[in-house]
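Before we start, here is the structure in question, set down as structure tokens.
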Amino acid sequence: MSDRPLRSAPLLVTSALPYANGPLHLGHLAGAYLPADLFVRYQRLAGRDVVWVCGSDEHGAAIEIRARREGVSPQSIVDRYHAELAAAFEGFGIAFDVYGRTTSDTHRQTSQDLFRSIEAAHGFVRKTTTQLYDPEAGLFLADRFVQGTCPVCGYDSAYGDQCENCGSTLSPDDLVDPRSTLSGATPERRETTHWYLPLGDLQPQLEGWIGTKTDWKPNVLGQVRSWFQAGLEDRSMTRDLDWGVPVPSDVEGETEGKVLYVWFDAPIGYLSVTKEWAQAQGDEDLWRRYWQVHEDGTEPDLVHFIGKDNIVFHCLTFPAILMTANAAQPSLPQFVLPAQVPANEFLNLEGQKLSTSRGWAVWAHEALEAFDADLLRYALAVGLPETKDADFTWADFQNRVNGELADVVGNFANRALTFAARYCDGEVPRLDAPTDKDAAMLDALAAAPGQVAAAYEAYRLREAVALTVDLARKGNQYLQETEPWKTRNSDERAMRNSVHVALQVTAGLSILLEPVVPGVASRLREMLALGAVRSSTEAGTDGLGWGDVGPELLDAGHALGEPGILVRKVEDEEVEAQLQQLKDRAAAADAAKAADPDSEPEVPYAALGDEITFDQFTPLDFRVGEIVAADLHPNADKLLRFDVDLGFETRQILSGVREFFAPEDLLGKRVVVVANLAPRAIRGLESNGMILFAEDRDGTLRPVEAQGEPGAVVR
RNA sequence: CGCGGGGUGGAGAAGUGGUAUCUCGUCGGGCUCAUAACCCGAAGAUCGGGGGUUCGAAGCCCCCCCCCGCUACCA
């Protein structure tokens, strides 16, 4: 099949962990998720042993500080966005093998274990420095969280690391009248001790390793060389924060109030999520197959899909962590270092940089309400920011979908299928004495999987997509040249050959299109009645795969399914509405900012759940209940325990709202209770029902209060 | 400021020394099986600007301009 041998070593693909403090937008998708999805779906179809992992990055100062500002717990923020992110990925057909999160137990253990073993082998150095401290909020501040007047341009809201107005690089000490963005207090300097990764010492080793990576992208290598040239410095791998993976308390030194730096723990998230995947497969050690050198010397390929802003962490910091971990335990299986880091550039929107605070973004969940995921996937895929920043415009979207996906691909398939349905009894006609034109078309079909595969293997994804569409374009040319609608009356054998060949091309397309537009590909296979094609979302080598694409996918006499419209066109009004929505939101964000310069960016409403029927609704029994007793659950730190009077009886109900309410806050309130929920024991106490709470977009929780007597039916 | 990536017909891209290619758009023609679609042809780029090397440069060297990113204690 492919004109190059496929690598047989296991492949582990990662996509940058999205930070769980905002929803997913098209820029994220184009950067690290859609490219990886195309790549991985191709690899699965090609039969490669591949696992693709991702998850929410839920730690770090930004989330802790946001939680403080909003007066909610960090956990409530990440819980909300973790669920939203996972749902948006699913809606977009981003088919990770596993989507985890860095607040999991597995992750805490994995990152602590790695930290411990590096520490035990003296892989860190401890250094004491002075850091900025907010005496009112009671925590250390990153430079980013100090604001003051820029000494260069006089802008009064410059950050401690940079002035957004004039672009000057700053240190917090440079600021005139510095203040904490949290409390407004003047920061103090305090001493603190942290664990540093000695990157300076590791530089020769890193340089030697990077030196072998001749096939990496120029933007990645250039950036890395730039770092080497400047000289690496030791970097602190711990922080003074409450929110994060605690520094293991059994290591030497003051660990109180210290957590792992997010860029220490986030890449380890790839590892811990793989472990969770392995557990789900029923083989706890299966992760090793994808992360460590095998006993026979086989090295799995580790591939990180990221945006260009993450290059240093994936090409230097994380490899340095893995190297150090290997050196710490030389007798144990050794971790592999990344084989490839296909970093993408950025996606702009309608000619401007994306900005969530300025309302300049297309949210994934909103776009999916208006358009089938495949249409968005296609438009993004042909315009991926592979070598330079790309621009997404709704006009381009419409053009690409209508002009290429619908007109070239969809219409070609439709021509072949309707012709076969009308003039060949809905069957694949026999190929008989093919002409040069027939043979040339079949040759092109036979060559296509190898050509497209080569583009995928080289991470040239735009090219892979373009080559795929080219096959349909060749199909249209072929039909135009052989004119079966004419030979139908003059030379039936020629007509049947044309239809046979066109159908084989269509069948090939139904597999080659699968990584890009899986829904379209699947509908096409339905119309062809082509079953038994391997899944591109799950492991396994059963069924037809990439290597089977060729001139003999369909047997003569094979009965076809019903032809139909494969790809609908995007109407002018639809893209106009999107553009208008974008402009409206940007204007609203502007207005809000003008009214209140410190206001938080507009947060979107949670996506609406799937529609249910009336019959699914009626079984739910809501009642008014009065909370007559409220206290803490003795064995759970997130739960409150209530006695709720439902009139006919008083029952015990547990709620995971302790981080939002003290028991006395809710005592005496009349609330809405789901009264016929099956009882469930949680941490030793039984809960008989559920109390409903309303969650604002900013995470604020309030009980759903009700009027009416206890026991009143709510409907 | 320093470093890295990029700047190719109206738009998006390919092209690392030898007649500038592809897709969309525009214009003209053809076909009629098909989603007002498909096929063919044409116009349109002094390859960001300037200088240099060479028989010959988009490509190599020097200077400059523009866009994006990085400059670790945000992610």
Side-chain angles (χ1 to χ4, degrees), chain A residues 16-22 57 59-63 65 129 131-132 140-145 159-162 167-169 171-172 192 194 197 199 217-230 232-236 238-240 261-263 266 307-313 316-317 343 345-346 348 353 382-383 385-391 393 395-396 399-400 402-404 406-408 410-423 460 462-463 466 469-470 473 475-481 483-486 488 495 498-499 502 563-569:
Chain A
L17 306 186
Y19 200 54
N21 74 339
D57 178 9
H59 291 138
I63 284 172
I65 285 173
T129 58
Q131 304 252 316
L132 294 169
F140 283 90
L141 294 170
D143 293 355
R144 183 82 193 171
F145 298 108
Y159 292 106
D161 56 350
Q162 191 188 30
S168 303
T169 301
S171 135
T192 181
H194 284 289
L197 193 65
L199 285 170
K217 293 172 66 167
N219 59 340
V220 176
L221 282 180
Q223 197 61 242
V224 170
R225 290 205 191 98
S226 161
W227 279 97
F228 286 144
Q229 210 175 325
L232 302 185
E233 286 175 30
D234 300 352
R235 291 333 307 184
S236 151
T238 54
R239 291 289 183 275
D240 291 293
Y261 176 36
V262 280
W263 274 113
K308 64 176 160 182
D309 51 339
N310 280 185
I311 289 172
V312 62
F313 299 107
L316 298 176
T317 313
E345 302 283 308
F346 286 161
N348 293 324
K353 278 204 261 190
V382 293
E386 278 178 345
T387 56
K388 58 183 156 187
D389 291 355
D391 194 26
T393 68
D396 279 346
N399 249 323
R400 286 164 173 172
N402 290 359
E404 297 171 27
D407 289 349
V408 176
N411 189 44
F412 167 68
N414 195 235
R415 292 173 86 182
L417 284 159
T418 52
F419 207 95
R422 285 173 62 182
Y423 302 115
R460 293 196 303 261
R462 272 185 325 209
E463 183 184 326
V469 173
D470 267 350
R473 196 168 272 125
N476 275 318
Q477 287 164 6
Y478 167 80
L479 283 181
Q480 195 64 31
E481 283 169 13
E483 299 182 307
W485 50 92
K486 283 189 181 164
R488 172 168 80 84
M495 181 274 278
S498 297
V499 176
I565 296 296
L566 189 61
V567 180
R568 76 167 184 96
K569 296 216 184 187

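Each chain gets a letter, A, B and so on, in the order its sequence line appears, and its residues count up from 1. As the structure is a prediction and not an experimental result, all values here were calculated from the model.
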May I have the distance from Arg422(A) (atom CZ) to U32(B) (atom P), rounded to whole angstrom? 14 Å
Between OG1 of Thr192(A) and CD of Gln131(A), what distance do you get to the nearest 0.5 Å? 6.0 Å
Both distances below 3.5 Å, Watson-Crick or wobble geometry, any strand: find the nucleotide opposite G18(B). C55(B)
Side chain of Gln480(A), heavy atoms from C-beta onward: which of G4(B), A75(B), C33(B) has the nearest atom to it? C33(B)
Taking N and O atoms by type only, does the side chain of Trp263(A) place a donor or acceptor under 3.5 Å from a partner on the base of A72(B)? no
Over all strands shown, is Leu566(A) touching base, sugar-phosphate only, or nothing at heavy-atom distances under 4.0 angstrom? base
Tell me whether the side-chain N/O atoms of Lys353(A) come closer than 4.0 Å to OP1 or OP2 in G69(B). yes
Pick the C1' atom in A45(B) and in A14(B), then give their distance to the nearest Å. 14 Å
Looking for any heavy atom pair under 4.0 Å, which part of the strands does Asp389(A) touch: base, sugar-phosphate only, or nothing? sugar-phosphate
Side chain of Tyr19(A) - closest among C70(B), A75(B), U32(B): A75(B)
Picking from G69(B), U35(B), A72(B), which would you name as closest to the side chain of Leu232(A)? A72(B)
Can you tell me how far C1' of C73(B) sits from NE2 of His194(A), to the nearest Å? 9 Å
The Watson-Crick or G-U wobble partner of G69(B), with both key distances under 3.5 Å, is C3(B)
Remember a base hit wins even if backbone is also touched, and classify Arg225(A) as base, sugar-phosphate or nothing at under 4.0 Å, heavy atoms. nothing
Could you run down the sub-3.5 Å N/O contacts of the protein with nucleotides 6-8 of chain B?
none

Atom pairs under 3.5 Å, N or O on each side, protein against nucleotides 22-28 of chain B: can you list them with distances?
| residue | atom | partner | partner atom | Å |
| --- | --- | --- | --- | --- |
| U23(B) | O3' | Arg473(A) | NH2 | 3.1 |

Of the candidate nucleotides A13(B), U35(B), U32(B), which contains the atom at the shortest distance from the side chain of Lys486(A)? U32(B)
Which of U32(B), A72(B), C68(B) is nearest the side chain of Trp485(A)? It is U32(B)
If you look at every strand shown and take non-hydrogen atoms under 4.0 Å, does Asn21(A) touch a base, only sugar-phosphate, or nothing? nothing
Taking atom C1' in both C60(B) and U54(B), what distance in whole Å separates the two? 10 Å
Side-chain contact check for Gln223(A): nearest option of C70(B), C38(B), A75(B) is C70(B)
Minimum-distance nucleotide (side-chain atoms of Ala61(A) versus C73(B), A75(B), U35(B)): A75(B)
Select one nucleotide: of A75(B), C33(B), C31(B), the one nearest the side-chain heavy atoms of Tyr261(A). A75(B)
Starting at the 5' end of RNA chain B and moving along, which residue's nearest nucleotide shows up first, Thr418(A) or Leu141(A)? Thr418(A)
Between Asp407(A) and Val567(A), which residue's closest nucleotide on RNA chain B lies nearer the 5′ terminus? Val567(A)
Write down the partner of C24(B) under the Watson-Crick or G-U wobble criteria, each distance required to be under 3.5 Å. G10(B)
Taking the same atom, C1', in U46(B) and in U8(B), what whole-Å distance lies between them? 12 Å
Roughly how far apart, to the nearest Å, are G10(B) and G4(B) at atom P? 31 Å
Side chains of Arg415(A) and Thr418(A): any donor to acceptor distance under 3.5 Å? no
Residues Pro563(A) and Leu417(A): closest non-hydrogen pair is CB-CB, 3.7 Å
